[in-house]
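Okay, structure first, notes after.
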Amino acid sequence: MFQNVKYYPGDPILSLVDKYNVDPNPKKVNLGVGVYYDNEGHLPILECVKTVEKQLAKQNLPYSYLPMDGLAGYRQACQNLLFGPEHEVVQCGRIATVASLGSSGALRVGAEFIHQWFPQAEVYVSNPTWGNHISIFEGANCTVKKYPYYDPETHGIKIDELKEFLLQLKAGNIILLHPCCHNPTGIDPTTSEWDDILTIIKERELIPFMDFAYQGLGEDLTADAYAIRKAVDLGLCVFISNSFSKNMSLYGERVGALSVVCPTADEAKIVHSQLKFIIRRFYSSPSRHGNYIVDNVLNNPDLFRQWEKEVTEMRDRIRAMRIRLHNVLQTRIPERDFSYFTKQRGMFSFTGLSPQQVARLQSEFSIYMVENSRMCMAGLNTSNIDYVAQSMAEVLK
């Protein structure tokens with residue numbers, strides 16, 4: 001009966017974890033999977049989260065289903081975080097927001113909505129992008145193509161080529177954007193470049209879909225939302241997927257949301273109803289515990305300030321690792337320019353290594369990163385940073 005079923009070989013990033021786990025080298029370093037680790041190499045539980053969990057344990061709430069679209073307080077808090085509580089789109093009810101199973105779930109629900117109601121639309125993703133972006137949209141029967149983005153020669157963005165490409169696209173197509181901390185390159189447009197990109201998107205009547213998985217890990221919670229708020233200020237209708245996996249360290253709780261900015265409050269209600277219908281057919285309702293945690297953190301002023309402080313500490317630690325990596329490599333190989341490490345933002349870096357050099361790092365030094373040279377900077381700490389930097393210098397010579 002299953003003779004025609006094809007074998008799935010596994011995700012190339014997650015498969016690195018299996019190789020890392022069986023590696024006997026005591027110096028081994030995992031820089032593949034996109035997870036934030038603290039300076040001791042541990043997955044942290046944030047203090048604000050611990051506080052909420054103690055409160056929830058005392059309440060002894062029953063394990064009931066959540067509504068299809070999640071807790072009302074959670075959904076409102078997501079809108080406030082994305083746009084600011086005083087923004088017109090929030091005040092006028094022009095946003096349809098549903099809780100989702102992480103940002104991946106939000107992308108999938110959004111992709112299904114697009115396929116149903118904009119069946120002719122093509123989805124354009126950056127070259128490169130997070131590999132699962134393509135799989136998620138193709139899984140919803142959307143046609144996926146790429147737009148120019150990363151320039152390996154300059155370690156920057158092909159901004160002129162990107163803008164020229166957007167000018168050629170037909171109205172109604174979807175442009176998947178990373179508002180901050182681009183995955184996998186770590187290279188983001190400047191505010192003026194965002195202004196140009198979004199102006200073209202408006203002129204060409206394209207539809208932006210912004211995957212916002214790293215809010216707070218670039219500059220800060222507000223600055224990282226610049227592209228989203230600018231798009232709305234320009235009058236664009238926008239799809240936004242956001243996640244609390246990284247910035248609240250709630251990976252396994254699968255806590256995210258999908259927000260759709262609509263022209264009117266009445267249209268937002270209609271879109272909201274269809275998003276709930278999609279959720280009902282997929283998984284019926286979102287995860288309960290994670291929704292309650294985020295709801296309590298974001299809607300309590302003291303806990304929100306504590307969370308903001310903890311996100312700042314995470315962001316600053318990653319920046320310190322970038323600076324240290326740059327300094328060691330620049331000292332070891334002074335004839336090369338490694339300044340791109342300090343210009344990149346967020347958890348990831350395109351290191352500029354070739355697939356052969358990445359393979360050498362793994363086989364000779366037990367340092368694991370994705371074949372395309374994407375490194376998770378949060379896997380570095382004061383105990384392994386020099387070893388990693390010196391090893392990279394060896395394979396770069």
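Note that these values count all heavy atoms, side chains included, but never hydrogens, waters or copies made by symmetry.
Looking only at distances, no side-chain donor or acceptor of D224 sits under 3.5 Å from a matching main-chain atom of C180. Looking at Y340, its side chain does come within 3.5 Å of a backbone N or O of T351 through a donor-acceptor pair. Here the side chain of E193 pairs no donor or acceptor atom with the backbone of D188 at under 3.5 angstrom. A side-chain donor-acceptor contact under 3.5 Å links D220 to the backbone of A223. Of the possible donor and acceptor atoms, none in the side chain of R315 sits under 3.5 Å from a partner among the backbone N and O of E310. Within the 3.5 Å criterion, the main-chain N or O of N381 finds no donor-acceptor partner in the side chain of N39. When atom types are taken as modelled, the side chain of S366 and the backbone of N25 share no donor-acceptor pair closer than 3.5 angstrom. Checked by atom type and distance alone, the side chain of Y147 pairs as donor or acceptor with a backbone atom of L176 at under 3.5 Å. For R204 (side chain) and L169 (main-chain N/O), a donor-acceptor pair under 3.5 Å exists by modelled atom type.
Under the 4.5 Å side-chain criterion, counting only non-hydrogen atoms from C-beta, Y36 is in contact with I318. Between S126 and H178 there is a side-chain heavy-atom pair separated by less than 4.5 Å. Within the 4.5 Å cutoff, side-chain heavy atoms of E138 are placed close to those of I134. Contact annotation: the side chain of V388 never approaches that of L361 to less than 4.5 Å [non-hydrogen atoms, C-beta and beyond]. Side-chain contact check for I174 versus L206: every heavy-atom pair is 4.5 Å or farther apart.
Figure legend: R229 and Y226 shown without cation-pi pairing, the cationic atom not lying both under 6.0 angstrom from the six-membered ring centre and within 45 degrees of its axis.
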For a quick test of your reading: what N or O donor-acceptor pairs under 3.5 Å do the side chains of residues 54-75 make, sequence neighbours left out?
| unit_1 | atom_1 | unit_2 | atom_2 | d |
| --- | --- | --- | --- | --- |
| D69 | OD2 | H272 | NE2 | 3.0 |
| Y74 | OH | G256 | N | 3.4 |
| Y74 | OH | G256 | O | 2.6 |
| R75 | NE | D69 | O | 3.4 |

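T129 and H182 share no side-chain donor-acceptor pair at under 3.5 Å. For H155 and D337, the side-chain atoms include no donor-acceptor pair closer than 3.5 Å. In the model, S243 has no side-chain atom that pairs as donor or acceptor with a side-chain atom of S103 under 3.5 Å. With hydrogens and angles left out, the side-chain atoms of D302 and Q306 include no donor and acceptor closer than 3.5 Å. If you check the side chains of S349 and Q344, you find a donor sitting under 3.5 Å from an acceptor. Between the side chains of H133 and D211, a donor-acceptor pair is found at a separation under 3.5 Å. No donor-acceptor contact under 3.5 angstrom links the side chains of T264 and D266, judged on distance only.
Contacts of Q357 classified as side-chain hydrogen bond (donor to acceptor under 3.5 Å, both in side chains), with partners at least two apart in sequence or in another chain: S354.
Looking at D196 and K163, a side-chain N of the basic residue comes within less than 4.0 Å of a carboxylate O on the acidic one, giving a salt bridge. With respect to the salt-bridge test (charged N to carboxylate O, under 4.0 angstrom), the residues K50 and E47 qualify. Salt bridge annotation for E88-R94: present, with a cationic side-chain nitrogen under 4.0 angstrom from a carboxylate oxygen.
Ring geometry for F348 against Y214 counts as perpendicular: the plane angle is over 60°, on a 0 to 90° scale with 30° as the lower cut.
Within the model, atoms SG of C262 and NZ of K269 stand 12.0 Å from one another, a figure rounded to the nearest 0.5 Å. Note: L81 CG to L298 CG = 6.0 Å, rounded to the nearest 0.5 Å.
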Going through the distances and angles, do S287 and E253 end up as a side-chain hydrogen bond (donor to acceptor under 3.5 Å, both in side chains)?
CA-CA 7 Å; S287 61; E253 293 297 337; 5.2 Å; no

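Side-chain heavy atoms closer than 4.5 Å link hydrophobic residues (I, L, V, M, F, W, Y) into clusters, and following such links, possibly through other members, connects L217 to V297.
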